[in-house]
Amino acid sequence: MNQPLPASRPTKLLAADTSGIAEAAALLRAGGLVAMPTETVYGLAADATSGTAVAGIYAAKERPSFNPLISHLPDLASARRQGLFDANALALAQAFWPGPLTLVVPASSGCTVSDLARAGLPSVALRVPAHPVAHAVLEAAGRPIAAPSANRSGRISATSAAHVIADLEGRIDAILDAGPTEVGVESTIVACLDGAPRLLRPGGVPREAIEHVIGRPLVIAGDAGHAPISPGMLASHYAPAARVRLDAEAPEGGEAWLGFGPEGREYPASLNLSPSGDLREAAAHLFGYMRRLDEMGRKTIAVARIPEHGLGEAINDRLRRAAAPR
Ligand code: TXA
Ligand code: MG
């Protein structure tokens, strides 16, 4: 239960040629972690449709909380299968894609981006990068690819393969080296959710250029670099209908049970985040299992103690939000 996270593994350095791109895409399809260039910064890429693959990103970065991630796609047509574009979103996509713009839009009913990559939100962040290597990888992967900047949490974003190696060697499967990135700052993030587009993070596309396209000033949503959505708002999305009781030994009096690690007993209305005590597996299951237990209609969900190390810190952060008084 105390295995170090993430497990150490050899990190392959891949050239950004036909065979390197094919290998990167194959690794991604198999659930692996690959640092790939985009024109903004190197992204730590994983299959966005796989909660387990996405959990690997948080483990490798040692990210303390489950921020929602950007899903990368090769073109507007594939992005429109994941999200609902209003007139502003469409105009911005047509003006700036491929390029350093991320659009946060309502997820479509057919959205395949995992709950974990979306941090349980009803919206999805989509980006079509302009870098030719990123484009080729995305085409070959054939699915949305989640990618935050390829640096360890709290460090500066990686704009070269050497930065990535310094932070992540031994934690990821491969690095696709295409030299230094062009833009060097992350994409501009604009939310088109309910009419007036909001600037969530300034970035590679200047605000003025965006305002020119939408014909109105952007609503600024505070300094959104790392937490564009207030924890309170996020918490309300996680909050199940049931009460949540943390650090429980066992369910009492009709409670649903969210377990973790090997258990001597079976309980009714119960799910186990990871019977083997693997925090990465637990992270991948967290949002989905909370939802499933909530649907069972019990008054309270009792949750086993989750270790506080590695991804446990993020899991506990979300659980505490779910348990917070409302
Ligand atoms: O340039 C970039 O954007 C790079 C490259 C690799 O594409 N990626 C990047 O990702 O900077 P990351 O994970 O560091 O930043 C993602 C930002 C976070 O601030 C996150 O909170 C926000 O996007 N975000 C993602 N989904 C969101 C959503 N549904 N609603 C609001 N904000 C969201
Ligand atoms: Mg970052």
Side-chain angles (χ1 to χ4, degrees), residues 33-46 48 54 57-58 60-61 63-74 79 82-84 89 96-108 111 113-131 133-135 137-138 144-160 163-164 167-168 175-176 178 181-194 197-205 219 221-231 233-234 236-238 287:
L33 297 175
V34 179
M36 70 169 185
T38 79
E39 73 276 24
T40 56
V41 297
Y42 274 73
L44 177 51
V54 171
I57 292 178
Y58 294 104
K61 283 180 69 91
R63 218 178 220 199
S65 67
F66 294 135
N67 291 337
L69 301 176
I70 298 169
S71 288
H72 298 70
L73 294 144
Q82 302 298 326
L84 302 173
F96 299 112
W97 281 354
L101 174 72
T102 294
L103 293 170
V104 173
V105 297
S108 71
C111 182
V113 175
S114 60
D115 269 354
L116 188 56
R118 285 161 50 194
L121 295 169
S123 55
V124 64
L126 302 172
R127 166 153 126 80
V128 176
H131 198 293
V133 172
H135 181 82
V137 170
L138 295 170
I145 295 296
S149 49
N151 50 277
R152 257 195 258 177
S153 195
R155 300 201 187 174
I156 294 168
S157 296
T159 54
S160 74
H163 295 169
V164 180
D167 265 21
L168 299 175
I175 300 171
L176 200 49
T181 62
E182 220 176 281
V183 177
V185 295
E186 289 91 341
S187 60
T188 302
I189 305 180
V190 176
C192 297
L193 292 172
D194 42 22
R198 286 182 301 137
L199 181 63
L200 299 186
R201 178 178 75 183
V205 177
V219 179
D223 173 19
H226 287 283
I229 298 171
S230 76
M233 276 175 71
L234 278 175
S236 72
H237 283 290
Y238 299 132
F287 293 124

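Just so it is clear, the values below take in all heavy atoms, side chains as well, and ignore hydrogens, waters and symmetry mates. Position 1 is the first residue of the sequence; numbering continues from there. For ligands, and for the atoms within them, numbers begin at 1 and follow the listed sequence.
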| Please walk me through it: do W97 and L126 pass side-chain contact (heavy atoms from CB on, under 4.5 Å)? | CA-CA 11 Å; W97 281 354; L126 302 172; 4.1 Å; yes
| note | One finds that the ligand 1 atoms under 4.0 Å from a non-hydrogen atom of S187 are 1 (O), 2 (C), 3 (O)
| V41 heavy atoms, cut-off 4.0 Å: which ligand 1 atoms fall inside? | 4 (C), 5 (C), 6 (C)
| query | Counting both backbone and side chain atoms, is some N or O of T102 under 3.5 Å from an N or O of ligand 1? | reply | no
| said: If I apply the N/O under 3.5 Å rule, does R127 come out as touching ligand 1? | reply: yes
| query | Does an N or O from T40, backbone or side chain, lie closer than 3.5 Å to an N or O of ligand 1? | reply | yes
| By number and element, which atoms of ligand 1 are closer than 4.0 Å to a non-hydrogen atom of S123? | 28 (C), 29 (N), 30 (N)
| Whether R152 side chain and D167 backbone form a donor-acceptor pair below 3.5 Å | yes
| query | Ignoring hydrogens and geometry, is there a side-chain-to-backbone donor-acceptor pair from S108 to Q82 under 3.5 Å? | reply | yes
| said: Checking T102 against R201 for the side chain to side chain donor-acceptor pair (under 3.5 Å) test, could you report, in this order, the C-alpha distance in whole Å, the side-chain angles of both residues, the deciding distance, and whether it holds? | reply: CA-CA 9 Å; T102 294; R201 178 178 75 183; 5.2 Å; no
| said: For the backbone of G99 and the side chain of R127, can you confirm whether one donor and one acceptor N or O come within less than 3.5 Å of each other? | reply: yes
| Does T188 reach the main-chain N or O of L101 with its side chain, forming a donor-acceptor pair under 3.5 Å? | no
| task | Report the C-alpha separation of V133 and L176 in whole Å, then their side-chain angles, then the decisive distance to 0.1 Å, and conclude whether the side-chain contact (heavy atoms from CB on, under 4.5 Å) test is met. | result | CA-CA 9 Å; V133 172; L176 200 49; 3.7 Å; yes
| query | Do any nitrogen or oxygen atoms of N67 lie less than 3.5 angstrom from nitrogen or oxygen atoms of ligand 1? | reply | no
| note | The option among P68, G43, A147, P129 carrying the non-hydrogen atom nearest to atom 8 (N) of ligand 1 is A147
| For ligand 1, which atoms have a heavy atom of I189 less than 4.0 angstrom away? | 17 (C), 22 (C), 23 (O)
| request: Verify, without hydrogens or angle tests, whether T38 (side chain) and T40 (backbone) share a donor-acceptor contact under 3.5 angstrom. | output: yes
| request: Please could you name the atoms of ligand 1 that P148 approaches to less than 4.0 Å, counting only its heavy atoms? | output: 10 (O), 12 (P), 13 (O)
| task | Could you say whether the N/O atoms of H72 and ligand 1 ever approach to under 3.5 Å? | result | yes
| Going by the order shown, which atoms of ligand 1 are within less than 4.0 Å of some heavy atom of A125? | 25 (C), 26 (N), 27 (C)
